[in-house]
Amino acid sequence: MTITSPHLGSPAVWTDAKLLYALEEVVETELNRHLKVAKDWMPHEYVPWSDARNFPGLFEDGEAWDKEQSKVTELGRIALVVNLLTEDNLPSYHHEIASLFGRDGAWGTWVHRWTAEEGRHGIVMRDYLLASRAVDPDKLEAFRMAHMSEGFESDNRHSMLHSVAYVAFQELATRVSHRNTGHQSGDPVCDRMLARIATDENLHMVFYRNLLKAAFDLAPDLTMQAVRDVIVNFRMPGHGMPGFERAAAQMAIGEVYNMRIHHDDVLQPVLRFLKVMEIDGLGPEGQRAQDELGLFMGGLDAEALKFDEKLAARKARMAARAAG
């Protein structure tokens, strides 16, 4: 991409403002592509309303919640709550990207469109959980209040470029988590709902991934450093929710989301598509970031292998107990 605008100055002194301006045309192209392929869908069509009944409260005929009322597995229940509480922080996410990307032009149109699409996810997941009685509604609301009352601040809020790099990976991570939760839920209705959500998340990933590619074309050294920083320090956006560490451990053991999945199904596909490790002609800082990224990915793969071995051993022990 050749930048000819006199307002941009030297690429050696890229700022967030200059990059936002330089990427505006790419954002418009990606937005138009997204609007052509994205399909509107109705959240209420994915909810088993015929399973719903009153909870205790204002209704005298309310039936108290019990986990036996739902066909959702325990692992599915845990992952669904984590995924929903992550979606619940949409107001904070909107605030952050609107502050970084702006509310005008193609950037602003994308920010609002993305927010509207993400809003469906929280709507349909909560409606499903309550209608199907998959979770305790009182605890779910208590978790929501606690999580949202804490607020959310991204680790990458200091930099537009870091934020673009983060969401390119995070949207794919969310897609993978939703799909695997559906597979492990034990309920075909839940699986279909989460597959629909995952389709949206994949389109969002493609948007940001293509934007990240354009950033590599414009400012390869800075973009390489941003990708290095994001991958080395990556955390899912739900990390601050109540009980996240325990839930994340259970999701890892249950193969909803773990180190191997993170390496193989989230980081590697984006890095391969962008050919990040094949980029040459970098300056000293960009080359150092590329080298450090390669070392980190090798270390992560080795750690994932150790996890794989522990998980296989755990499965063997459980199978032996069941057989005995």
Side-chain angles (χ1 to χ4, degrees), residues 1-39 93-118 154 156-175 199-231 266-267 269-283 286 289-290 293:
M1 180 181 295
T2 302
I3 301 301
T4 58
S5 170
H7 303 295
L8 293 177
S10 170
V13 288
W14 283 114
T15 63
D16 271 8
K18 289 179 180 178
L19 278 169
L20 281 167
Y21 184 90
L23 290 169
E24 177 90 22
E25 186 176 340
V26 181
V27 172
E28 183 174 4
T29 298
E30 288 302 311
L31 173 63
N32 290 334
R33 180 198 55 77
H34 177 84
L35 294 175
K36 287 180 181 178
V37 298
K39 296 181 180 178
Y93 307 150
H94 174 84
H95 172 74
E96 289 220 346
I97 67 170
S99 298
L100 283 165
F101 300 157
R103 292 180 169 85
D104 301 319
W107 279 105
T109 302
W110 167 253
V111 166
H112 296 308
R113 173 72 190 199
W114 175 87
T115 302
E117 291 184 4
E118 287 286 342
S154 168
N156 302 289
R157 62 189 179 279
H158 63 288
S159 160
M160 181 277 290
L161 194 53
H162 281 70
S163 295
V164 169
Y166 175 75
V167 289
F169 295 102
Q170 183 268 321
E171 292 282 5
L172 183 52
T174 305
R175 169 190 178 270
T199 299
D200 281 1
E201 303 290 10
N202 195 64
L203 291 177
H204 297 164
M205 178 277 293
V206 170
F207 178 94
Y208 288 118
R209 183 196 64 188
N210 292 351
L211 198 56
L212 189 59
K213 182 179 186 301
F216 266 116
D217 292 338
L218 283 170
D221 289 283
L222 285 178
T223 306
M224 186 67 74
Q225 292 172 68
V227 168
R228 184 259 332 260
D229 294 345
V230 162
I231 287 181
V266 175
L267 299 183
V270 176
L271 292 176
R272 280 197 301 266
F273 179 87
L274 297 175
K275 296 183 170 67
V276 170
M277 303 311 299
E278 300 171 29
I279 294 173
D280 55 17
L282 295 165
Q290 189 181 49
L293 179 59

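Throughout, numbering of the chain's residues begins at 1 and tracks the sequence.
Put simply, OH on Tyr166 and CD1 on Ile231 are 12.5 Å apart, with the number rounded to the nearest 0.5 Å. Separation of atoms OG1 (Thr223) and CG (Leu218) is listed at 7.5 Å; rounding is to 0.5 Å. Put simply, NE2 on His204 and NE2 on His34 are 4.5 Å apart, with the number rounded to the nearest 0.5 Å. In this structure, CG in Leu203 is found 7.0 Å from OG1 in Thr199, a value given to the nearest 0.5 Å. Here the NZ atom belonging to Lys39 is positioned 11.5 Å from the CG atom belonging to Asp200, to the nearest 0.5 angstrom. Here CZ of Arg209 is found 8.0 Å from CG of Asn202. Values are rounded to the nearest 0.5 Å.
In this structure, Ser163 and Met160 have side chains that are not in contact, with every pair of non-hydrogen atoms separated by 4.5 Å or more. Side-chain contact check for Phe273 versus Asn210: some heavy-atom pair is nearer than 4.5 Å. Contact of the Tyr93 side chain with the Glu118 side chain is not registered, since no non-hydrogen atoms from C-beta on lie closer than 4.5 Å. Proximity of Val227 to Leu271: side-chain heavy atoms (C-beta onward) are separated by under 4.5 Å at one or more points. Between Leu293 and Met277, some side-chain heavy-atom pair lies under the 4.5 Å cut-off. Side-chain contact check for His94 versus His112: some heavy-atom pair is nearer than 4.5 Å. With contacts defined as side-chain heavy-atom distances shorter than 4.5 Å, the pair Trp114/Phe101 does not qualify.
Between the Glu24 side chain and the Ala106 main chain, a donor and an acceptor come within less than 3.5 Å of each other. Within the 3.5 Å criterion, the main-chain N or O of Leu211 finds no donor-acceptor partner in the side chain of Glu30. Side-chain atoms of Trp107 come within 3.5 Å of backbone N or O of Leu20 as a donor-acceptor pair.
For CD of Glu28, the number of neighbouring non-hydrogen atoms (other residues, nucleotides, ligands) closer than 6.0 Å is 12 at most.
Closest approach of Leu23 to Ala215, counting heavy atoms only: CD2-N, 4.1 Å. For Pro269 against Leu172, the heavy-atom pair with the smallest separation is CB-CD2, 4.3 Å. Taking each heavy atom of Ala219 and Leu19 in turn, the nearest pair found is CB-CD2, 4.4 Å. Heavy-atom minimum distance, Ile279 versus Gln290: O-NE2, 2.9 Å. The two residues Val270 and Ala168 have their closest heavy-atom pair at CG2-O, 4.1 Å. Between Ala173 and Val266, the shortest heavy-atom distance links the atoms CA-CG2, 3.7 Å.
Salt bridge Arg175/Glu171: absent, no basic N to carboxylate O contact under 4.0 Å.
Under the side chain to side chain donor-acceptor pair (under 3.5 Å) criterion, Glu96 pairs with no residue at all, not counting sequence neighbours.
Here Trp110 and Phe207 bring their ring centres to under 6.0 angstrom of each other.
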Run the side chain to side chain donor-acceptor pair (under 3.5 Å) check on Thr174 and Gln170 step by step: do they pass? CA-CA 6 Å; Thr174 305; Gln170 183 268 321; 2.6 Å; yes
